[in-house]
There are 2 protein chains.
Amino acid sequence: MISIQQMQYILSVNDNRHYQRASEACFVTQPTLSMQIKKAEDELGYLIFDRSTNPLTLTVFGEKLIVIIRDILVEIEKIPKLIKTMNGTYTEHLRVGIIPTISAYLVSDMFDKWKISLPNIQLTIEEMKSDELLIALERKELDLAIMAGPHNQTNLRTIPLFKEEIKAYLPTVLSETILTNELTELHPWLLSKGNCLRTQMIHFCGLGNDFNGGWNYEGGNLELLLRMVDVKGGYTLVPNEYLRVLKLDESKCKRIYSTESKEIPAREIISLFPNRTIKWDSIEKVIRGIQLNYGKDDSDKNLQVLNWQ
Amino acid sequence: MISIQQMQYILSVNDNRHYQRASEACFVTQPTLSMQIKKAEDELGYLIFDRSTNPLTLTVFGEKLIVIIRDILVEIEKIPKLIKTMNGTYTEHLRVGIIPTISAYLVSDMFDKWKISLPNIQLTIEEMKSDELLIALERKELDLAIMAGPHNQTNLRTIPLFKEEIKAYLPTVLSETILTNELTELHPWLLSKGNCLRTQMIHFCGLGNDFNGGWNYEGGNLELLLRMVDVKGGYTLVPNEYLRVLKLDESKCKRIYSTESKEIPAREIISLFPNRTIKWDSIEKVIRGIQLNYGKDDSDKNLQVLNWQ
DNA sequence: GAAATCATATAAATATTATCTATTACTTTA
DNA sequence: TAAAGTAATAGATAATATTTATATGATTTC
């Protein structure tokens with residue numbers, strides 16, 4: 001049977017797509033990798049890498065093997081974790097990435113609660129845009145990503161956190177609610193490109209894909225947009241929880257109703273993390289904490305979850 | 001880092017609780033095990049086995065390590081499975097154990113469907129009592145057990161399959177339903193000890209734990225009990241699906257209502273299998289097949305699930 | 001309580017395996 | 001076509017695993 005070391009060598013060659021660099025990453029010489037991987041291939045009866053391409057690629061067999069090897073190595077990592085836990089020297093470093101329009105309220109809401117439920121964990125929270133989160137997860141630079149759904153990527157596990165109503169911020173109208181066709185007559189203020197809330201806005205307000213807001217200021221920051229609305233008129237969209245922490249004048253924040261249906265717009269907040277992870281215990285606590293804190297009375301509302309992709 | 005071979009040695013000593021027998025099982029000599037396990041213990045920094053007892057036992061660390069090692073070895077087993085799958089020589093042998101009062105109808109109902117959804121799998125179905133199923137799972141003699149719930153054993157994974165109403169078979173009364181307090185006046189006919197449906201009967205009919213039915217015939221077979229009811233009077237309890245395959249006179253099968261509540265008695269059918277298993281794909285198909293076939297319109301009934309433990 | 005038995009540990013020799021340095025073979029690029 | 005880059009191979013060496021033989025230590029037996 002193929003050894004653990006061989007698995008690590010295979011993974012290193014896969015990551016580096018290069019024997020020499022892979023061997024340096026493993027602190028051995030290049031022939032060692034050549035021989036060990038060749039030995040593994042002989043034993044398994046299939047080639048793992050296709051050396052005829054440059055840079056080298058995985059064979060069909062190799063693709064499937066890598067998935068299994070990754071899982072095995074995550075399982076094996078539980079042994080040093082167990083030892084450190086028994087020694088009392090285990091401190092986990094959990095790296096969480098969150099999109100700005102969520103982190104704006106979520107981090108301040110949850111900070112103290114996480115501190116209690118994760119007493120011995122070093123927590124790093126980073127604001128990133130949705131696509132950056134996915135890349136960082138892939139590169140194993142993050143352990144957990146929190147963003148807006150929906151999302152379907154088979155190599156990542158998804159757990160929904162809560163649904164959040166999206167309201168309109170427009171001070172001019174007096175009524176407490178507003179219909180979608182009323183909004184189309186007003187100027188929308190948008191977040192800059194890359195923010196998924198911008199895409200949701202465009203979809204929801206029916207602005208079309210070719211919308212490039214030349215006449216419009218595009219803020220990177222929701223609070224700036226709110227000020228623009230105050231000064232210049234028009235409207236912008238605000239997630240309900242965000243609105244709460246900003247302590248805005250409630251009379252300016254209106255529930256939106258679709259002209260066609262009885263639905264009100266919302267976004268779904270989801271968590272993403274690798275299928276197998278040694279940090280599951282901590283991730284679970286983070287997720288449960290969020291679910292408990294925000295997942296209260298959504299079910300009674302008739303929420304229509306917006307897509308941002 | 002501890003090697004795969006060392007893990008297998010550790011597992012073998014744990015299974016055999018004896019170095020010599022363990023070494024034979026691994027086809028090596030006893031000093032090999034002694035040295036390798038000592039080496040692993042040195043490297044991990046904790047003793048795995050307590051040699052001062054006879055037979056030897058696991059240390060606290062060892063207990064935790066064994067759980068991890070088992071998971072690792074299940075993951076590693078996916079590699080030879082992948083190779084066989086690619087060779088086209090992989091045939092899985094799925095061993096399913098079912099309690100008799102379920103298998104009586106479930107096997108004939110599901111057989112053709114399983115044949116379609118699991119074309120390349122060798123399926124062995126065995127009838128066993130509930131406690132025998134648990135032992136067989138523990139000994140890895142079974143891959144999947146189907147029995148009545150509820151059940152909570154942390155080392156096994158549980159997936160509920162469906163709920164099944166339990167009816168009374170008594171030809172004498174004319175009405176279509178019967179109340180629990182009417183049953184207490186009649187003779188119950190019971191399955192022999194070890195059948196969980198017997199325990200459910202005793203609980204449900206309020207017969208008490210000290211009931212030993214000296215005056216009563218205890219059949220190992222439900223059909224025999226039904227015949228006794230026909231000949232001698234009294235009543236027996238029949239799971240609803242069983243009743244269907246026996247093609248009994250429907251007028252003799254009565255829905256039971258609790259005297260106190262509006263509930264009708266039922267049993268929950270569950271599946272049990274190891275937390276980690278290489279045969280998950282097949283197990284899932286078996287489970288989904290059963291759920292699809294029986295999990296239809298339970299939700300409208302007010303079922304009270306009976307405990308058998 | 002000494003002898004026998006059983007169970008694991010240790011020692012030294014041997015076999016196996018992994019890794020290294022040095023070199024070769026092959027491919028791509030200039 | 002030479003130069004550079006990359007992986008494979010050969011042979012030597014180091015590291016590791018396994019074996020046989022024996023020691024140690026604990027129970028059981030007479």
Side-chain angles (χ1 to χ4, degrees), chain A residues 1-59 61-63 65-66 69 72-73 76 79-80, chain B residues 1-63 65-66 69 72-73 76 79:
Chain A
M1 170 56 66
I2 177 177
S3 71
I4 295 172
Q5 191 128 49
Q6 284 170 345
M7 295 185 205
Q8 287 166 334
Y9 291 164
I10 291 166
L11 222 54
S12 181
V13 171
N14 178 56
D15 289 343
N16 291 287
R17 303 275 152 161
H18 195 280
Y19 270 68
Q20 284 183 351
R21 281 194 292 278
S23 68
E24 286 161 26
C26 296
F27 305 104
V28 291
T29 57
Q30 169 265 314
T32 301
L33 283 211
S34 275
M35 294 195 77
Q36 286 306 312
I37 290 175
K38 187 175 153 47
K39 203 184 151 198
E41 288 176 326
D42 286 350
E43 208 160 292
L44 300 175
Y46 285 91
L47 289 179
I48 300 165
F49 296 103
D50 179 357
R51 284 94 160 162
S52 72
T53 65
N54 193 310
L56 44 71
T57 50
L58 284 167
T59 61
F61 174 78
E63 298 258 18
L65 185 67
I66 287 284
I69 287 178
I72 293 170
L73 294 182
I76 288 175
I79 294 177
Chain B
M1 171 56 67
I2 175 178
S3 71
I4 295 173
Q5 191 128 48
Q6 284 170 344
M7 295 184 205
Q8 287 167 333
Y9 290 164
I10 291 166
L11 222 54
S12 181
V13 171
N14 179 56
D15 289 344
N16 291 286
R17 303 275 150 159
H18 196 280
Y19 270 68
Q20 285 183 351
R21 280 193 293 278
S23 67
E24 285 163 27
C26 296
F27 304 105
V28 291
T29 58
Q30 170 264 315
T32 301
L33 284 211
S34 276
M35 295 193 75
Q36 286 306 312
I37 289 176
K38 186 174 155 44
K39 202 183 151 198
E41 287 176 327
D42 286 349
E43 208 160 290
L44 300 176
Y46 286 91
L47 288 179
I48 300 165
F49 297 104
D50 179 358
R51 284 94 158 159
S52 72
T53 63
N54 195 310
L56 44 72
T57 50
L58 284 167
T59 61
V60 175
F61 174 78
E63 299 257 17
L65 185 68
I66 287 285
I69 287 179
I72 294 170
L73 294 182
I76 289 175
I79 294 178

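Numbered from 1 within each chain, the chains take letters A, B, ... in sequence-line order.
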Exercise for review: Select base, sugar-phosphate, or nothing to describe what A:Leu56 touches, counting heavy atoms under 4.0 Å on all strands.
Suggested key: sugar-phosphate

Point to revise | Among B:Val60, B:Thr59, B:Leu44, B:Asn14, the one residue meeting side chain to side chain contact (heavy atoms under 4.5 Å, CB included) with B:Leu65 | key: B:Leu44

Review point. In whole Å, what is the span from the CG atom of A:Asp50 to the P atom of C:dC26?
Key: 17 Å

Review point. By salt bridge (charged side-chain N to carboxylate O under 4.0 Å, His left out), which residues pair with A:Arg21, not counting sequence neighbours?
Key: none

Exercise for review: Round to a whole Å and report the spacing from CG of B:Asp42 to P of C:dT10.
Suggested key: 9 Å

Exercise for review: To the nearest Å, give me how far apart CZ (B:Phe27) and C1' (C:dT16) are.
Suggested key: 20 Å

Review point. Within the structure shown, what part of the strands sits under 4.0 Å from B:Phe49 by heavy-atom distance: base, sugar-phosphate, or nothing?
Key: nothing

Review point. When the distance from NZ of A:Lys39 to P of C:dT17 is rounded to whole Å, what number comes out?
Key: 6 Å

**Study point:** Residue met sooner reading DNA chain C from 5', once B:Met35 and A:Ser52 are mapped to nucleotides
**Key:** B:Met35

Review point. Is the B:Phe61 ring parallel, tilted or perpendicular to the B:Tyr46 ring (thresholds 30°, 60°)?
Key: parallel

Study note, to complete from the structure: For residues 45-56 of chain B, the salt bridge (charged side-chain N to carboxylate O under 4.0 Å, His left out) pairs (sequence neighbours left out) are B:Glu41-B:Arg51

Review point. A:Thr32 side chain N/O closer than 4.0 Å to the phosphate oxygens (OP1, OP2) of C:dA18?
Key: no

Check your understanding: Between atom CD1 in A:Ile4 and atom C1' in C:dA18, what is the gap in whole Å?
Key -> 15 Å

Practice item. Kindly compute the distance separating CD1 (A:Ile4) from CD (B:Gln6), expressed to the nearest 0.5 Å. Key: 8.5 Å

Review point. Reckon B:Arg51 has a side-chain N or O less than 4.0 Å from the OP1 or OP2 of C:dA9?
Key: yes

**Study point:** Protein-nucleotide distance (B:Leu33, atom CG; C:dA7, atom P), rounded to Å
**Key:** 14 Å

Revision key, fill the gap. Counted 5' to 3', the first and last nucleotides of DNA chain D within 4.0 Å (strictly under) of a heavy-atom of chain B are D:dT16 to D:dA21

Point to revise | Steps toward side chain to side chain donor-acceptor pair (under 3.5 Å) verdict (A:Ser34, A:Gln30) | key: CA-CA 6 Å; A:Ser34 275; A:Gln30 169 265 314; 3.0 Å; yes

**Study point:** Any A:Gln5 side-chain N or O less than 4.0 Å from OP1/OP2 of C:dT17
**Key:** no

Exercise for review: Mind listing the closest non-hydrogen atom pair of A:Met7 and A:Ile72 along with its distance?
Suggested key: SD-CG2, 3.8 Å

Point to revise | Polar side-chain contact B:Gln30-C:dA7 base: donor and acceptor under 3.5 Å | key: no

**Study point:** Euclidean distance, atom CD of residue A:Gln20 to atom P of C:dC20 [Å, nearest integer]
**Key:** 14 Å

Review point. Please give, in whole Å, the distance from C:dA7 P to B:Glu24 CD?
Key: 11 Å

Study note, to complete from the structure: From the candidates C:dT17, C:dT8, C:dA22, the one with an atom nearest any side-chain atom of A:Pro31 is C:dA22

